[in-house]
Amino acid sequence: MIAADLAQPDDFDAWRDQARRLVEQAVPPDQIAWSDGNGPADLFAVAPPLRQPSSPRSVRASRPFVDLARSAILHTDPARLGLLYRVLWRMQDNPRLLDDAADRDVALLERLAKQVRRDIHKMRAFVRFRSIQDDDGELYVAWFEPDHRIERANADFFINRFASQRWSILTPRLSLHWDGATLLEGPPARREDAPREDATEELWLGYYSSIFNPARLKVGMMVKEMPRRYWKNLPEARRIPDLIAGAREREIAMIATGSSLFETTAVPESLSAVAQGMAQCTKCPIGCNGTRAVMGEGPADADVMIVGEQPGDTEERDGRPFVGPAGQLLDQALDAAGIDRARTYVTNAVKHFKFVPRGKRRLHQTPTAGEIDICRWWLDAERALIKPKVILALGASGARGLLGRTPSIGRERGQAIAQSAGASVWLTAHPSYLLRLDGTARAREHDRFAQDLAGLAQVLRHG
Ligand code: URA
């Protein structure tokens, strides 16, 4: 037997180097005792020969295999290293092995990778930071218990999401500490090492209660999405039994008043509390995609609020709304209408950037109505704090975030839409739409946009 040891059980590169050498030396899978330092070592195994054979076999490993293997290696099943090698070994003679979904090894590998991917997703969705103060200022600390060894693999997600904050994620296997510049690893932690509550807890609970739509309650689906084993570490889970119990009455109340539940829940006390809450929000798939939330921008006492759809590529990178091409068009049009952007509060219906990757580019994807509705709570919170007199919705998504329905911009633009929450809402086209047009359509739509803004300027002047 040949011993193949990994110093770190989640170290894919180390596994790949050893596996490559073993295939080059034509060592069959049943001759290798893999160990990752977590199980009993094989006492009769010997260290692998490190010499290069004079005519090594060339090694084939397809991209799909490497992708699967990168996930599967994070599984806690001790047999995974041998399985990975067996599949790699068999692929040398059968490069299309992965296409055979009925093959036992392939099916098992797919299953392990899928369980790991699910665990990664759950960690992104269910890590809940609490803020504490230490000698260096504010520190966000979270406790999480992953099923598999996904902590390091997930670190980049949290670094990208909370790049400028200091945070620690504590787990039973290790802890990760980000100081705003460097990621450090620490020893395993205990649940008691993380704070149980913080000042934003009520904000989060309020948000959760408000987006808990009793009319859509399907307990089975909810438990599938948020398995019970995570509940003990999720502050909002404490509310679930009461929310389920009261769902029927809440639904009746909603229908009777035609209201959004937001009106009945606590509003965050400051824009910075809103920013902090939305930065942590992973309630919809966009919130879990690793981008940062982009908060609205402008004076807290602005008379005008402008609501777009969602941050784009430039906005997500800069962390500011409407600073890319659509923002430039908006700035010019506001200027031409005599509206000073610096005196408006500019924000979006959806706070994270939804995109599909295409090589190095991130292509915009329109948020679904459900995603806009989930994010509405944050927009409502900004609106309740700013208390604008007039709100301008840019495009259908911005309008949905404000009205709770998707209007026809063509039919409803150019008139005030009164709302129970105060402030009249005005609709116009989205500047990105204008940027996509050519020729006469472009000229016509630019004109209509300019007219809408001129109308808004008039409302502001004359009330
Ligand atoms: N489009 C939007 O809807 N919002 C932005 O912030 C930028 C582009």
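Distance check, rounded to the nearest 0.5 Å: CZ of F449 to CZ of R442 gives 12.0 Å. Residue L402 holds its CG atom at 11.0 Å from OG of S397, rounded to the nearest 0.5 Å. A distance of 10.0 Å separates CD1 of I73 from CZ of R16, quoted to the nearest 0.5 Å. Of the inter-residue distances, the one linking L183 atom CG with D156 atom CG reads 8.0 Å to the nearest 0.5 angstrom. Taking CG from L435 and CD from E445, the interatomic distance works out to 12.5 Å, rounded to the nearest 0.5 Å. Rounding to the nearest 0.5 angstrom, the gap separating the CZ atom in R152 from the CZ atom in F12 is 16.0 Å.
Proximity of a side-chain donor or acceptor of Q310 to a complementary backbone N or O of Q365 within less than 3.5 Å is detected. Within the 3.5 Å criterion, the main-chain N or O of G401 finds a donor-acceptor partner in the side chain of R376. Under the 3.5 Å distance criterion, the side-chain polar atoms of R80 are matched with a main-chain donor or acceptor of D77. For S175 (side chain) and A189 (main-chain N/O), no donor-acceptor pair under 3.5 Å exists by modelled atom type. A side-chain donor-acceptor contact under 3.5 Å links E315 to the backbone of G312. Checked by atom type and distance alone, the side chain of D11 pairs as donor or acceptor with a backbone atom of D13 at under 3.5 Å. With N348 contributing its side chain and V350 its backbone, the two residues share no donor-acceptor pair below 3.5 Å.
Of all heavy-atom pairs between A393 and G398, the closest is CB-C, 4.0 Å. The shortest non-hydrogen separation linking T171 to P146 is CB-CD, 4.1 Å. Across P172 and P188, no two heavy atoms sit closer than the pair O-CB, 3.0 Å. Here the closest heavy-atom approach between residue A142 and residue A194 is recorded as C-CB, 4.4 Å. Between L68 and A113, the shortest heavy-atom distance links the atoms CD2-CB, 3.5 Å. Across all their heavy atoms, V106 and L98 have their closest contact at CG1-O, 3.8 Å.
Between L184 and L176, every side-chain heavy-atom pair lies at or beyond the 4.5 Å cut-off. Considering only heavy atoms from C-beta on, T368 stays 4.5 Å or farther from I372 through its side chain. Taking 4.5 Å as the limit, some side-chain heavy atom of D179 sits within range of a side-chain heavy atom of T182. Side-chain contact check for T291 versus F355: some heavy-atom pair is nearer than 4.5 Å. The shortest distance between side-chain heavy atoms of S270 and L385 does not fall below 4.5 Å. At a threshold of 4.5 Å between non-hydrogen side-chain atoms, the residues I169 and W167 count as touching. Using a 4.5 Å heavy-atom cutoff, the side chains of R124 and N154 are in contact. Counting only heavy atoms from C-beta outward, the side chains of L456 and Q451 never approach each other to under 4.5 Å.
In summary, D99 and R96 engage in a salt bridge, as defined by a charged side-chain N under 4.0 Å from a carboxylate O. Salt-bridge formation is detected for the pair D452/R413: a Lys NZ or Arg NE/NH1/NH2 atom is positioned less than 4.0 Å from an Asp or Glu carboxylate oxygen. The pair D147-K122 does not count as a salt bridge, with every side-chain nitrogen at least 4.0 angstrom from each carboxylate oxygen. Ion pairing between E138 and R166 fails under the 4.0 Å rule for side-chain N and carboxylate O. A salt bridge is absent between D301 and K387; no separation between the charged side-chain nitrogens and carboxylate oxygens falls under 4.0 Å. Taking 4.0 Å as the cut-off between side-chain N and carboxylate O, E382 and K351 count as a salt-bridged pair. Look at E151 and R173 and you find a salt bridge, because one of the NZ, NE, NH1 or NH2 atoms lies within 4.0 Å of a carboxylate O, short of that distance. Salt-bridge annotation for D335 and R341: absent, with no side-chain N of the basic residue lying under 4.0 Å from a carboxylate O of the acidic one. Ion pairing between R190 and D193 holds under the 4.0 Å rule for side-chain N and carboxylate O. Note on E412 versus R405: salt bridge recorded, some NZ/NE/NH1/NH2 to OD/OE distance being below 4.0 Å.
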**Request:** Could you check I417 against L403 for side chain to side chain contact (heavy atoms under 4.5 Å, CB included), going step by step and ending with a plain yes or no?
**Result:** CA-CA 9 Å; I417 303 174; L403 306 175; 4.1 Å; yes
**Message:** Run the side chain to side chain contact (heavy atoms under 4.5 Å, CB included) test on L394 and L427 for me, step by step, so that the C-alpha distance in whole Å, both residues' side-chain angles and the decisive distance to 0.1 Å come before the verdict.
**Reply:** CA-CA 6 Å; L394 303 175; L427 311 186; over 6 Å; no
**Request:** Kindly indicate, with the supporting measurements, whether the criterion side chain to side chain contact (heavy atoms under 4.5 Å, CB included) is fulfilled by Q133 and L139.
**Result:** CA-CA 6 Å; Q133 293 290 327; L139 172 69; over 6 Å; no
**Message:** Test side chain to side chain contact (heavy atoms under 4.5 Å, CB included) on T347 and Y345; report intermediate values, then the result.
**Reply:** CA-CA 7 Å; T347 191; Y345 184 86; 3.8 Å; yes
**Message:** Apply salt bridge (charged side-chain N to carboxylate O under 4.0 Å, His left out) to residues K354 and E371 and explain how you reach the verdict.
**Reply:** CA-CA 10 Å; K354 181 173 179 181; E371 287 159 350; 3.0 Å; yes
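At a cut-off of 3.5 Å, with distance as the only test, a side-chain donor of H364 or E309 sits close to an acceptor on the other residue. No side-chain N or O of Q115 forms a donor-acceptor pair with one of H148 less than 3.5 Å apart. Inspection of the S168 and H177 side chains reveals an N or O donor paired with an N or O acceptor under 3.5 Å.
The side-chain contact (heavy atoms from CB on, under 4.5 Å) test with F353 singles out one residue from R292, R317, R362, and that residue is R362. Tested against F126 for a ring-ring contact (aromatic ring centres under 6.0 Å, His included), the candidates W143, Y230, F144 yield a single pass: Y230. For the side-chain contact (heavy atoms from CB on, under 4.5 Å) with M305, the qualifying choice from T344, V425, L379 is L379, the only one to do so.
Ring planes of F158 and F129: perpendicular class, angle over 60° (limits at 30 and 60°).
When the shell of 6.0 Å around CZ of R343 is examined, it contains 12 or fewer heavy atoms from other residues, nucleotides or ligands.
Checked against a 6.0 Å centroid threshold, the rings of H446 and Y433 do not count as neighbours.
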